[in-house]
2 protein chains.
Amino acid sequence: MAKAKKRLSIADLAQELGVSVSTISRALNNAPDVSETTKAQVWELARRLDFQTNTLAAALRSGRSNMLGVVVPHINGAFFPEVVHGIEDLASEAGFNVMICQSNEEVTREEKQIDALLKAQVDGVLVSISATTHTFGHFEKVRQQGVPLVFFDRMPDIPQVCGVVLDDYRGAYQVMEHLLAQGCRRIAHLAGPPLLNTTFQRHRAYREALLAHGLPYEPHLVVQLTESDMAAGAAAMEQLLQLPELPDAVFAAYDFPAGGVLQVLEAHQIRVPEDMAVAGFSNEPFTTMVKPQLTSVDQQARHMGETAVKLFLQMLKRTDNYVGQRIVLKPKVLVRDSSQYGRVAHQALRLTR
Amino acid sequence: MAKAKKRLSIADLAQELGVSVSTISRALNNAPDVSETTKAQVWELARRLDFQTNTLAAALRSGRSNMLGVVVPHINGAFFPEVVHGIEDLASEAGFNVMICQSNEEVTREEKQIDALLKAQVDGVLVSISATTHTFGHFEKVRQQGVPLVFFDRMPDIPQVCGVVLDDYRGAYQVMEHLLAQGCRRIAHLAGPPLLNTTFQRHRAYREALLAHGLPYEPHLVVQLTESDMAAGAAAMEQLLQLPELPDAVFAAYDFPAGGVLQVLEAHQIRVPEDMAVAGFSNEPFTTMVKPQLTSVDQQARHMGETAVKLFLQMLKRTDNYVGQRIVLKPKVLVRDSSQYGRVAHQALRLTR
DNA sequence: ATGAAAGCGCTAACAG
DNA sequence: CTGTTAGCGCTTTCAT
């Protein structure tokens, strides 16, 4: 195996072509003030020698790295991967390389990741905060360094943030209206982290929809999930089954717990949706694979990712202290058999909230 | 909003403390030859001023970036995210930052990602190749630059590669033995990309298990999947249903297609496993949420990720032309209701192949 | 249209 | 134990 050869630098190309390094640099960057002939020569030589410009050096000198940092809480399930897809598509189109980091739902890790990104001199940071993020100093730091900061889906509750979110309230409210329209009157809720905007809104919609329909908000019908996986949903359902009076519907803040609910109900031979309707949130692919298929809410993942990048590009163009906008995407409720009596073909809910 | 202040450099710290930059550098890097007192002073000052060492400059100068590049075909499903978790855990423990890239199952993208990683001067590259990777020049380039290269799960068929894979053959063979033991005699196979080592081995095991049991290998019972999602599995099953004589079992190379199979069978009111047994591969979480629960094979995702990092660390320590080893992990067959008549509590298969 | 030269912020000899 | 110094490879004025 060949010993690590010294990589060539633009100086090598310069020497080879008998021009200066600056000419090489300009040619490689397609600067407007280089003659077409030299430019062609340089590119040809670079191609022939398989020259790779050292991005580190370029970034160090220019202050721009052409890298976009992305911090997500995790990449389980379909949502975040799909968002990341959207991000990558648009970002690479715009000439940026994307660096993905997982915070693992831990603030400390999130802080470290942000630090690492900043140190790597990324040109922008896109973040969906962790469930344990209740301090925001690390985000301030990003802004102080003049690095565009865009949030997506999960957004901190601080002023002047730029980002794109789903209208979680609306999505959840529509689910509730649907359940209520189906005749459910004792609806339980499996709630996500109360400090996340997303699950907070879903919970709020749950509550307000009940009240708007003259039903009481009963705290013992609300179970706080500690995880967002199947097991957590199953545990929550077991807990609900201890109640003297059972709910007639369960609305979970995430799909996986809703899946756990279905399992427990089946084990207890409780029919869905006849005895109990079930709905989740996220439109995970598995929701159409379970029986009955799970009612859920589409979160526009891909669109969200693309929008985040667009916001970033906007910030990049504007002045230093431009504070971007906040975009809200419309959710799409997908009514399926787990909540639908009689399996009537059902149009998307038309809501007049 | 504050205007992007100039970030401080070690020169600033040096001036502040009245020492030289090299002392600062050494202190910050915990070099052994710095007095504890100065070291403490430096760290204290750095902390107080919230100094961030510029990794770009450090990497440019030292040639080491403390970054590990990871290229995966995608991050859908649970497998690759889990592997990535394993990688991140061990890598961050060893002081490396992980940069995740998706090839999207496209060689061209894979090549670009590798180039980008190389340009960013990563200290190592961990790759699971795309389904369309049939040329390997980009991997050669990695080696030529002396950058440790480790494959995981999907590995190119070239000599002297270092990596960690699952014993896909064994896993698939065990599934087949299980199906045969259950009395299945006309087993269909939904095959993955024939040029990927993983799915190639699963297919080979399918074939050889049949032959070993005196059964014919019938090409029309093998459907080549074009995607690895539910829809592809559903389409494949519809195709199998056209056969004059139906199979009595379906072994899919991936879980999601197997899920699609279940759906189609249910739509056609074909009972599982009584009329047709079904098995997948990957042990996706949803496999325990469908009804009947899906027999599958655990791929040791986390362990695989950790092993890949260990291999990388080994290569880092060795000489330039050390070619790492190839590690094979044992799969674990998980027999569930989709293939198990009579729902007998079943131990993990004990195999004497 | 091209070249010369000054760094970006840091590390690593080498010298004390 | 600490300081001096020469770059890492590139971009970017400022000249020409």
Side-chain angles (χ1 to χ4, degrees), chain A residues 4-43 45-46 49-67 115-116 118-123 145-146, chain B residues 4-43 45-46 49-67 118-123 145-146:
Chain A
K5 307 180 218 175
K6 190 144 190 46
R7 274 170 64 178
L8 349 98
S9 71
I10 55 173
D12 300 320
L13 300 195
Q15 185 161 29
E16 184 80 17
L17 240 54
V19 296
S20 74
V21 288
S22 25
T23 301
I24 301 288
S25 171
R26 282 191 274 254
L28 255 22
N29 289 305
N30 283 316
D33 53 353
V34 189
S35 80
E36 283 305 324
T37 36
T38 29
K39 197 182 283 187
Q41 281 182 313
V42 171
W43 277 96
L45 181 66
L49 301 184
D50 191 33
F51 169 77
Q52 304 283 356
T53 159
N54 185 326
T55 52
L56 249 48
L60 176 60
R61 180 58 233 247
S62 69
R64 284 168 282 106
S65 65
N66 288 323
M67 293 224 299
D115 263 8
L118 247 29
K119 284 203 234 181
Q121 233 166 77
V122 293
D123 294 336
Q145 301 203 2
Chain B
K5 308 179 219 177
K6 188 141 188 51
R7 275 170 62 179
L8 348 100
S9 72
I10 54 173
D12 300 320
L13 301 196
Q15 187 162 27
E16 183 80 16
L17 241 56
V19 296
S20 73
V21 289
S22 31
T23 301
I24 302 286
S25 171
R26 282 191 274 254
L28 255 22
N29 290 305
N30 284 315
D33 51 355
V34 189
S35 79
E36 283 306 323
T37 36
T38 28
K39 197 180 286 187
Q41 280 181 314
V42 171
W43 276 97
L45 182 66
L49 302 184
D50 192 32
F51 169 78
Q52 302 284 356
T53 159
N54 185 325
T55 53
L56 249 48
L60 176 61
R61 179 60 235 241
S62 70
R64 283 169 282 104
S65 64
N66 287 323
M67 292 223 300
L118 248 27
K119 284 204 234 182
Q121 231 167 80
V122 294
D123 294 337
Q145 301 204 4

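All chains are named by letter (A, B, ...) in the order of the sequence lines, taking the proteins before the strands, and each is independently numbered beginning at 1. Hydrogens, waters and symmetry mates are skipped; everything else that's a heavy atom, side chains included, is used. If you're wondering where the values come from, they're calculated on a predicted model, not measured in any experiment.
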S.K.: Look at the side-chain N and O atoms of B/Thr23 and state whether any lies under 4.0 Å from the OP1 or OP2 oxygen of D/dC1.
M.R.: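 So the side-chain polar atoms of B/Thr23 never come under 4.0 Å of the phosphate oxygens OP1 or OP2 of D/dC1.
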S.K.: Each nucleotide in nucleotides 10-16 of chain D should get exactly one letter: B, S or -. Can you fill that in based on protein heavy atoms under 4.0 Å?
M.R.: BBBB---
S.K.: Hey, could you give me the NZ/CZ distance between B/Lys119 and A/Arg7, rounded to the nearest 0.5 Å?
M.R.: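 Taking NZ in B/Lys119 and CZ in A/Arg7, the distance rounds to 9.0 Å.
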S.K.: Closest approach of B/Asp123 and B/Gly63, non-hydrogen atoms and distance?
M.R.: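 Residues B/Asp123 and B/Gly63, closest heavy atoms: OD1-O, 4.1 Å.
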S.K.: Quick one: are B/Asp12 and B/Phe51 in side-chain contact, heavy atoms under 4.5 Å?
M.R.: no
S.K.: May I ask you to decide if B/Ala58's main-chain N or O and B/Ser62's side chain share a donor-acceptor pair within less than 3.5 Å?
M.R.: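 Here the side-chain-to-backbone pair exists.
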S.K.: What is the distance from CD of B/Gln121 to C1' of C/dT11, rounded to the nearest Å?
M.R.: 13 Å
S.K.: Testing the basics here: between A/Leu56 and B/Leu60, what is the closest heavy-atom pair and its distance to 0.1 Å?
M.R.: CD2-N, 3.9 Å
S.K.: Give, for atom CD of A/Gln41 and atom CD of A/Glu16, the distance between the pair rounded to the nearest 0.5 Å.
M.R.: 11.0 Å
S.K.: How long is the line joining CG of B/Asp33 and C1' of D/dG3, in whole Å?
M.R.: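 These atoms are roughly 12 Å apart.
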S.K.: For the OG1 atom of B/Thr55 and the CG atom of B/Asn66, what is their distance to the nearest 0.5 Å?
M.R.: 9.0 Å
S.K.: Restricting to pairs with a member in residues 50-65 of chain A, which pass salt bridge (Lys or Arg N to Asp or Glu O under 4.0 Å), not counting sequence neighbours?
M.R.: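 Output for this query lists A/Asp50-B/Lys141.
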S.K.: Take the C1' atoms of the five end pairs on each side of the helix from C/dA1-D/dT16 to C/dG16-D/dC1, derive the two axes, and give their angle rounded to 10 degrees.
M.R.: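 If I round to tens, the end axes sit 30° apart.
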S.K.: Round to the nearest Å and state the distance from B/Leu60 atom CG to C/dT11 atom P.
M.R.: 11 Å
S.K.: Under the side chain to side chain contact (heavy atoms under 4.5 Å, CB included) test against B/Leu13, which residue among B/Leu49, B/Thr23, B/Thr53 passes?
M.R.: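 Result for side chain to side chain contact (heavy atoms under 4.5 Å, CB included) with B/Leu13: B/Leu49.
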S.K.: Return the value, rounded to whole Å, for the distance between atom CG of B/Leu17 and atom C1' of D/dG3.
M.R.: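 In whole Å, D/dG3 C1' and B/Leu17 CG are 14 Å from each other.
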S.K.: Could you tell me how far apart B/Ile24 (CD1) and C/dA12 (P) are, to the nearest whole angstrom?
M.R.: 16 Å
S.K.: Taking atom P of C/dA4 as reference, at what distance in whole Å does atom CD of A/Gln15 sit?
M.R.: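 For the pair A/Gln15 CD and C/dA4 P, the rounded distance is 13 Å.
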S.K.: Would one find a side-chain N or O of B/Ser20 under 4.0 angstrom from OP1 or OP2 of D/dT4?
M.R.: no
